[in-house]
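Reckoned from all heavy atoms, side chains included, excluding hydrogens, waters and symmetry mates. Just follow the structure's listing: the first ligand is 1, and inside any ligand the first atom is 1. Here, residue 1 is the first one in the sequence, and each next residue gets the next number.
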Amino acid sequence: MKNYAIILASGSGERTGLDMPKQFLKIAGKTVIEHTLQVFQNHPKIDGIIIVANKDYLKKAETLAKQSKCTKLLKVVQGGATRKESSYNGINSINDSECNVLIHDAVRPFVSSKIIDNCIEALKKYKAVDVAIPSSDTIVIADKSNLIKQIPERRFFRRGQTPQCFYLPLIKKAHELSLQDNESNNVTDDCSLVLKYGLSDVYIVEGDHFNRKITYPLDLAIADKLFQLKSLKLEDVDFRTIKDKVLVVFGHSRGIGKEICSLSKKYGAKVWGFSRKNGVDVSNYELVKNALEDVYKNERRIDYIVSTAGILNIDYLENRNIIDIKEEIAVNYLGVINVAKESLKYLKESKGSLLFYTSSSYTRGRAKYCTYSSSKAAIVNLVQALSEEWASFDIRVNVINPERTATQMRFQNFGKEPEDTLLSPKKVAKVSLDTLLGNFTGQVINVTREDLF
Ligand code: C5P
């Protein structure tokens with residue numbers, strides 16, 4: 001039986017207080033709806049996708065789907081005044097008499113392929129399936145005067161998510177019955193209709209806390225952070241895809257850069273390394289330009305460019321000498337700009353990816369680090385901007401944020417520290433490769449000794 005995803009994107013997004021519906025806002029380099037479409041596009045058991053959009057956004061939705069290579073898109077249909085109407089329009093646009101539909105909020109871009117899998121599996125046994133998680137909040141039932149009528153036992157409560165999934169004839173029937181029923185106008189989801197008319201049991205598939213709905217401005221900020229935290233988990237990266245790809249590493253002679261070179265060589269990449277050791281100082285624009293030209297002359301393409309080159313001089317600003325400061329900024333920040341600027345033409349051609357490094361001090365400056373931490377903050381900002389400038393070229397730009405790492409730079413500045421308090425450069429190299437080969441952009445990838453997720 002075929003499985004179609006209906007992506008509901010016809011909401012007005014009033015609650016965000018922004019002038020554009022939230023599904024069309026950009027997070028992590030792509031609109032929310034593109035992120036959502038990507039999950040269904042990549043799921044092997046989804047046969048087709050229908051987008052339901054407001055009449056003013058029909059064209060935009062179609063363009064975005066095309067832009068994100070959503071080849072499973074079957075049609076974009078016009079939504080209605082309520083979610084229920086939008087969902088009905090989506091359901092009605094399907095001609096197959098026997099199939100399943102997975103009705104999903106466009107504003108839930110974190111839905112996992114595991115949830116989709118579990119829903120499709122559950123549809124073999126049940127005609128209606130919902131996704132929900134236990135409620136961590138106590139639910140109170142209030143009356144019109146804002147007085148609590150009842151506080152039901154929390155353990156029985158779940159919070160509904162989407163997709164809500166159905167055998168098509170069943171959900172069609174539910175909607176048809178609701179057309180003659182004014183009381184159903186306030187219904188905010190499809191499972192309610194099935195229950196209201198007693199058409200079927202509704203089985204619950206376990207959702208997850210990431211599968212959040214973006215509704216309020218705060219949700220946008222949280223979603224941005226979640227993309228940062230989860231971006232690697234969303235990918236299923238196969239390092240073997242780097243075989244025969246051309247990788248250039250600036251800062252290759254030691255530390256993280258060195259580990260990236262060995263790991264990618266192990267998987268068959270053609271690796272070119274540059275550093276001051278072989279005469280390439282990233283703070284010198286001409287040297288960066290020549291290095292990349294040289295690689296291109298030899299390989300006729302460049303797929304991935306990484307710059308780990310950085311220096312750290314610790315002391316209070318008053319004690320620092322201006323020549324050292326200029327050198328630090330020239331390497332740490334101008335170096336990144338030099339590499340970025342010269343990388344563009346090659347990465348445009350290969351639709352490749354660029355990767356830089358920040359430090360955990362980027363979010364908050366630290367005493368004695370002021371020039372280092374501010375140059376690292378600047379890199380994050382630059383990466384975010386470039387990811388937007390270059391999204392239309394299909395170039396991805398990200399930045400790795402490793403916590404204290406066992407590199408020579410660290411030893412030189414801090415002396416010997418217990419091994420188990422430091423991150424290994426090998427782990428940072430692995431995450432770097434994940435990021436180069438993944439498909440997200442504009443992200444700060446935090447690397448810690450222990451994985452948070
Ligand atoms: O309004 P609510 O938060 O329940 O919206 C959930 C999803 O339903 C959103 O993706 C929104 O775009 C969609 N929706 C719709 N048509 C409406 C209202 C909401 O497609 N009239």
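Using modelled atom types and a 3.5 Å distance limit, the side chains of Y296 and E349 yield a donor-acceptor pair. Between the side chains of S374 and Y333, no donor-acceptor pair is found at a separation under 3.5 Å. When only modelled atom types and interatomic distance are considered, T435 and N398 share no side-chain donor-acceptor pair under 3.5 Å.
The contact set between ligand 1 and T82, taken as ligand atoms under 4.0 Å from a residue heavy atom, comprises 16 (N), 17 (C), 21 (N).
At least one heavy atom of A9 sits less than 4.0 Å from an atom of ligand 1. T215 does not count as a contact of ligand 1, since none of its heavy atoms falls under 4.0 Å from the ligand. The closest approach between T188 and ligand 1 stays at or above 4.0 Å for every heavy atom of the residue.
Residue R108 does not touch ligand 1, judged by heavy-atom distances below 4.0 Å. Counting heavy atoms under 4.0 Å from ligand 1, residue A81 touches it through the backbone alone. In E85, neither the side chain nor the backbone holds a heavy atom less than 4.0 Å from any atom of ligand 1. Counting heavy atoms under 4.0 Å from ligand 1, residue L8 touches it through both backbone and side chain.
One option in S12, G80, S87 has a heavy atom closer to atom 21 (N) of ligand 1 than any other, and that option is G80.
Checked by distance only, ligand 1 and K213 come closer than 3.5 Å through their nitrogen or oxygen atoms. Between S86 and ligand 1, at least one N/O pair is under 3.5 Å apart. At a 3.5 angstrom cut-off on N or O pairs, A106 counts as close to ligand 1. The shortest N or O to N or O distance between S10 and ligand 1 is below 3.5 Å.
Among K30, K69, K348, the one residue that satisfies the salt bridge (charged side-chain N to carboxylate O under 4.0 Å, His left out) test with D394 is K69.
Ion pairing between a basic and an acidic side chain is recognised when a charged N comes within 4.0 Å of a carboxylate O; K114 and D117 show no such pairing. By the 4.0 Å N-to-carboxylate-O rule, R83 lies close enough to D105 to be salt-bridged with it.
Geometrically, R154 does not engage F157 in a cation-pi contact defined by less than 6.0 Å to the ring centre and at most 45° from the axis.
In this structure, the side chains of F24 and V32 stay at 4.5 Å or more apart for every pair of heavy atoms. Put simply, the side chain of L168 does not reach to within 4.5 Å of the side chain of N100, judged on heavy atoms.
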